[in-house]
Amino acid sequence: MFEGQSRQELEAMMKANVEFRQLYFRHRELDKQVHDAELGVLPIHETTLSQMKREKLAAKERLLRMYEAAH
């Protein structure tokens with residue numbers, strides 16, 4: 001996510017918007033947990049994994065809307 005944006009631009013967004021920063025790091029945390037669960041490293045019930053995926057997608061969509069609104 002945000003591969004096309006410069007690191008400085010993202011850091012500026014995170015400094016200027018606390019919600020964006022918190023959501024960004026929550027999305028990263030969920031991404032790692034989902035990845036680990038899919039690899040079998042993190043044992044998680046399928047229902048919990050589905051909830052995590054939905055939360056991750058909602059966070060991504062919100063982040064993108066916030067980013068687009070700022071630019």
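A distance of 5.0 Å separates CG in Leu63 from CZ in Phe20, rounded to the nearest 0.5 Å. Atom-to-atom distance recorded for Glu61:CD and Met66:CE is 14.0 Å, nearest 0.5 angstrom. Going from atom NE2 of His27 over to atom CD of Glu55 covers 10.0 Å, rounded to the nearest 0.5 Å. The line from CZ of Arg54 to CG of Leu49 is 10.0 Å long, rounded to the nearest 0.5 Å.
Residues Phe25 and Met14 meet the side-chain proximity criterion, which asks for heavy atoms closer than 4.5 Å. Under the 4.5 Å side-chain criterion, counting only non-hydrogen atoms from C-beta, Arg26 is not in contact with Gln22. Using a 4.5 Å cut-off on side-chain heavy atoms (C-beta onward), Leu30 and Gln33 make contact. Residues Lys32 and His35 are not in side-chain contact: their nearest non-hydrogen atoms beyond the backbone lie 4.5 Å or more apart.
Electrostatic pairing of Glu11 and Lys15 does not count as a salt bridge here, judged by no charged N lying under 4.0 Å from a carboxylate O.
Considering Lys60, Lys53, Lys56 in turn, Lys56 is the only one that fulfils the salt bridge (Lys or Arg N to Asp or Glu O under 4.0 Å) rule with Asp31.
Taken together through direct or relayed side-chain contacts under 4.5 Å among Ile, Leu, Val, Met, Phe, Trp and Tyr, Leu64 and Leu10 form part of one hydrophobic cluster.
For the residue pair Tyr67/Glu9, the side-chain donor-acceptor check at 3.5 Å is satisfied.
Remark: side-chain polar atoms of Thr48 are not paired, donor with acceptor, to backbone N or O of Ile44 under 3.5 angstrom.
Residue His71 qualifies as enclosed at atom NE2: its count of foreign heavy atoms under 6.0 Å is above 12.
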